[in-house]
Amino acid sequence: IVVMLASPAVMLALLMLNILIIIHLLSVISQNSAGQFFSSGHTNNWAVLVCTSRFWFNYRHVANTLSVYRSVKRLGIPDSHIVLMLADDMACNHRNPKPATVFSHKNMELNVYGDDVEVDYRGYEVTVENFLRVLTGRLPPSTPRSKRLLSDDRSNILIYLTGHGGNGFLKFQDSEEISNVELADAFEQMWQKRRYNELLFIIDTCQGASMYERFYSPNIMALASSQVGEDSLSHQPDLAIGVHLMDRYTFYMLEFLEDIHPASKTNMNDLFKVCPKSQCVSTPGHRTDLFLRDPGSVLITDFFGSVRKVELTMDAINLTDPIKQMEEDPVNGEEQKEVYSYADQLPVSEIIHQKPKQKDWHPPDGFILGLWTLILLVFFKTYGIKHLKHIF
Amino acid sequence: SSMVFKRGSVGAKGPRAYPPHQLHHQMPVLLIQDKRRRGQLAALSIAAVVIIVGVPLWWRTTETYRAWLPVSQIKDLAKLQLHLSADVEVVFARGTVTPEQQKKVPLTQTQDEEHTVDGDLLMQFMILRYETKYRTATIMEEDALKKPTAADLSLHMLSESPCGSLVVYVIPESSSLLPEDVNVYIGQRRTALVRISAQMRVGKTLEQLLAQLEPQIKQVLQVMSFSHTDITVALSDRVRFRPGNKESIADSMRAFKSSPGYEITFSLLNPDPKSHQLHWDIEGAVQTYIQPLLTKLSPLANFSMDSQTLYYTMLGVTPRFDSSFEAYTLNADSLAHVINPVEARLGSNAASSNPVLNFLLYVPDIRHSPLYIHDHRKQEVPSNAFHSPRWGGIMVYNVNGFYGSETEFPVHVNINMAKVMGVFLAQLRLLLGVQSLSPPPGFLVAPCGSTGLADWELDRLMWSRSVENIATATTTITSLAQLLDQIGNIVINDNIAQQVSSAVTSLQLAMAELEVGNLGFALQYSKEAILASEKAFFDPSLLHLLYFPDDQKFAIYIPLFLPMCVPILLSMLKIVSEARQRRREKQAKKE
């Protein structure tokens, strides 16, 4: 053994091995400190989840949105960083045989509504205008914090839209639509104001790929459930509830996300493979040409979860002063506090005695004009033009 | 209208059947021409009214109101040529200059450094100017320099330098103010002491002496005042990512972006109230330790503070027991998952949209006490705290020393606020952007005073904040102008135009003040510029919902205008064809 150890070749080999191990360790250590920061460049995560359809038979769209909400919350994004917009209330709909629940799997296996859903925009508040206001930040000053998207230049934002759509548009509330050009312009305004670091856009509607065709801002990755000309199909009906519970693409995406936990290293290439044509019937599409990083290096938790960067605090400041005691005023016996009172919420007396406001003069409405034209025509038909000069 | 028949023409037998051409000859020729002319006149006058009155009326009533914006000034601002200027005073104490050299002092020199910053849109130029005044020390300054300690503070008492400027005292080698291996001492206020070495001053002219001193003074300026890298980092929005300067990018990722206000929340997390009854004098601690720093930082932003106590809130990670340390440990990798479950429980002030800094003090429950944080090398972190960029900090406070095995629970614990606030203050400094540079060799940096911030650190913050504000406001205004230009349908109200004009004015003033070196005013104007530009950009009335594709525009206008225009056009065509026919007939008659 001694002879073996003394052999120079073996010594050299051992030395090389040691050096290699040390180099590997060093690279791992240095990678850890700077690598954390530069793998993604974001410090916080936001999610904007929108369901755009109303009516009971569009149950599946609400279930889609709520299942993404549930996954995103489970992986760590707090409610204060999620803007959830649901166009209709399925859980408390009077046609729901199981009130206060929204199921995503048949036989009522999984209730995605849960106990702590926080819906920010509900019912008729979900409009194209409010959606664009949330994205661009142009909200009236009285909007509370929970209804705002307070992202900065280091935020990764997940935007999920679902509902009924067509070639180049998405229908909101059965009464209005948002076009792909408007959406692309909104994202460009977000980029101009650096309201995002990276954006992941997922859409589950018919002909969903048409919605991301017009994007032109950098750092956007988009996924859609179907190509132009194809319909996105729903997954399975539940016979007790009576409607289709989920759409296929989101159903398989939810199954994929259930396997992800906050520390997992799955990347985007796996998300692109979710729901192949055999399961989905439609062909899911994605767009990554605007994205700077390679999708294989983007973790799922970069968008769906909220893994915080952390630094250890190495210094502390040495404070030596004792705490100042709060001085009480012994001289003033009586309380000198200001008396607060509520501002008059409804100044009835002012409203009653108010003078009518001077409104700007508008030219008469079309209806009034039409009515007068009709009257004049009938008059001239009966009496003839010749008699005009007698009247005027 | 009904034709009036002459009496007798319609009788019981019916109207007499005149052949058409006879009827034609019955009517005088003039009448026909008269009728035709009247028809032509009617058609022409209708066309004239439509074109002269109708089209302008439609144009004016369907155009959107757009107030005037100073577009040319905005384009000029977009070039963003920054001129930064700092005043430096170099004071020579007795024994550093020879009498011949002393004759040439006082002296003023100006150094300009030009840098280019590779930006998104175009190359940006940056001129950094240092105005250096050289003079000799006064008698009072000499007295102050002789004091062994606190020379710094007594020098400061003599003359308060305005913010943005520096005073460097050059002391002889024989001076005992600085320890052996230290050549430069950077004080808490805006002063620095530089020790001159013996061979520097003997037998040289003043210019040579200054040239020898220059590298050291430059190093002092890099530490205490702005430098090329700092300004580049402040412009990080407009600068392309360069993989070379990772540390400075990490710094920019860690600190909060410039905002008019911040909200600071202190939370005490007590997961085990049955065992520990915690008492912390947060009001007094905040008043004594944190408030002085925030008062000093008041030119930068407004701060609002609140505090809360949360019970039964656990960390999201289960700590492991490490037998070698006889304690529970949290290693650095698992710290990233601690924050999220806690954050859901923290409230925030719903009324403001300011960024929130959270500082959490976690007292571990009795089953996981004591709890220590370990770094990657399994060493204990002395402060037992960690922070997350742009979020806040968490400190773990162990109370297992307060009780033995037979104490009655719950144990009443008074938390040592000085220790806790020391850590929070350090984290607060980092999160607000006070960079902790490792000074060059031979430098000694005085620890920051009880306020937690040295004056020159405040100056550095103000420089980088001013530049950041100016850059952000310029980008906002430029992109707003571009946006309004591109989308022709957005209404620009008067208040938006006014905000834009005031933002432009404030920006120009801020850049002028920076050029002169008035840091306080520059920061104030830059803050005004940012407020005005953000207000203009985020005005709710600028929402563009008026996107009409061209085919939709046609579909709207055709049913309105086509029925009206077709008769006019046809009658015009008829007039023209009749005129042509008459001309042909005349020509035929002539021949």
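Every chain is numbered from 1 and lettered A, B, ... according to where its sequence line falls, protein lines coming before strand lines.
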Novice: Which atoms of Arg148(A) are under 4.5 Å from chain B, going by heavy atoms: the side chain, the backbone, both sets, or neither?
Specialist: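 When you check distances to chain B, only side chain atoms of Arg148(A) fall under 4.5 Å.
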Novice: Is Arg70(A) paired with Asp116(A) through a side-chain N to carboxylate O contact shorter than 4.0 Å?
Specialist: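 No.
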Novice: State, without any angle test, whether Ser155(A) and Asn44(A) hold a side-chain donor-acceptor pair at a distance under 3.5 Å.
Specialist: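 Ser155(A) vs Asn44(A): donor-acceptor pair found between side chains.
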Novice: Cut-off 3.5 Å, side chains only: do Thr313(A) and Gln427(B) have a donor facing an acceptor?
Specialist: yes
Novice: Against chain B, label Ala186(A) side chain, backbone, both or neither, depending on which of its atoms sit under 4.5 Å from a heavy atom there.
Specialist: neither
Novice: With a 4.5 angstrom heavy-atom cut-off, is it the side chain or the backbone of Ile373(B) that approaches chain A, or both, or neither?
Specialist: side chain
Novice: Using non-hydrogen atoms and a 4.5 Å limit, figure out which bit of Val381(B) sits close to chain A: side chain, backbone, both or neither.
Specialist: side chain
Novice: Of the backbone (N, CA, C, O) and the side chain (C-beta and beyond), which part of Ile339(B) lies under 4.5 Å from a heavy atom of chain A, both, or neither?
Specialist: side chain
Novice: Measuring heavy-atom distances to chain A, does Leu483(B) have an atom under 4.5 Å in its side chain, in its backbone, in both, or in neither?
Specialist: side chain
Novice: Is a donor from one side chain sitting under 3.5 angstrom from an acceptor on the other, for Ser217(A) and Glu188(A)?
Specialist: yes
Novice: Against chain A, label Asn354(B) side chain, backbone, both or neither, depending on which of its atoms sit under 4.5 Å from a heavy atom there.
Specialist: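 Only the backbone of Asn354(B) comes within 4.5 Å of chain A.
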Novice: Check Glu343(B) with Arg308(A), please: is the shortest side-chain N to carboxylate O separation under 4.0 Å?
Specialist: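 Looking at Arg308(A) and Glu343(B), the cut-off is met.
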Novice: Does any heavy atom of chain B fall under 4.5 Å from the side chain of Leu312(A), the backbone, both, or neither of them?
Specialist: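 Contact with chain B: backbone and side chain both.
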Novice: Most heavy-atom pairs under 4.5 angstrom with chain A, which of Ser383(B), Ala426(B), Gly452(B), Gly422(B)?
Specialist: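 The option with the most such pairs is Gly422(B).
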Novice: So for Asp539(B), is it side chain, backbone, both, or neither that comes closer than 4.5 Å to the heavy atoms of chain A?
Specialist: backbone
Novice: Would you mind checking which part of His337(B) comes under 4.5 Å of any heavy atom in chain A, side chain (CB onward), backbone (N, CA, C, O), both or neither?
Specialist: side chain
Novice: At a 4.5 Å cut-off on heavy atoms, which part of Phe424(B) comes close to chain A: side chain, backbone, both, or neither?
Specialist: neither
Novice: Is the number of heavy atoms from other residues, nucleotides or ligands under 6.0 Å of Lys147(A) NZ greater than 12?
Specialist: yes
Novice: Inspect the contact between Arg195(A) and Asp152(A) and indicate whether a charged nitrogen and a carboxylate oxygen are less than 4.0 angstrom apart.
Specialist: no
Novice: With no hydrogens and no angle check, do the side chains of Asn331(B) and Ser334(B) hold a donor and an acceptor under 3.5 Å apart?
Specialist: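 Yes, side-chain donor-acceptor contact under 3.5 Å.
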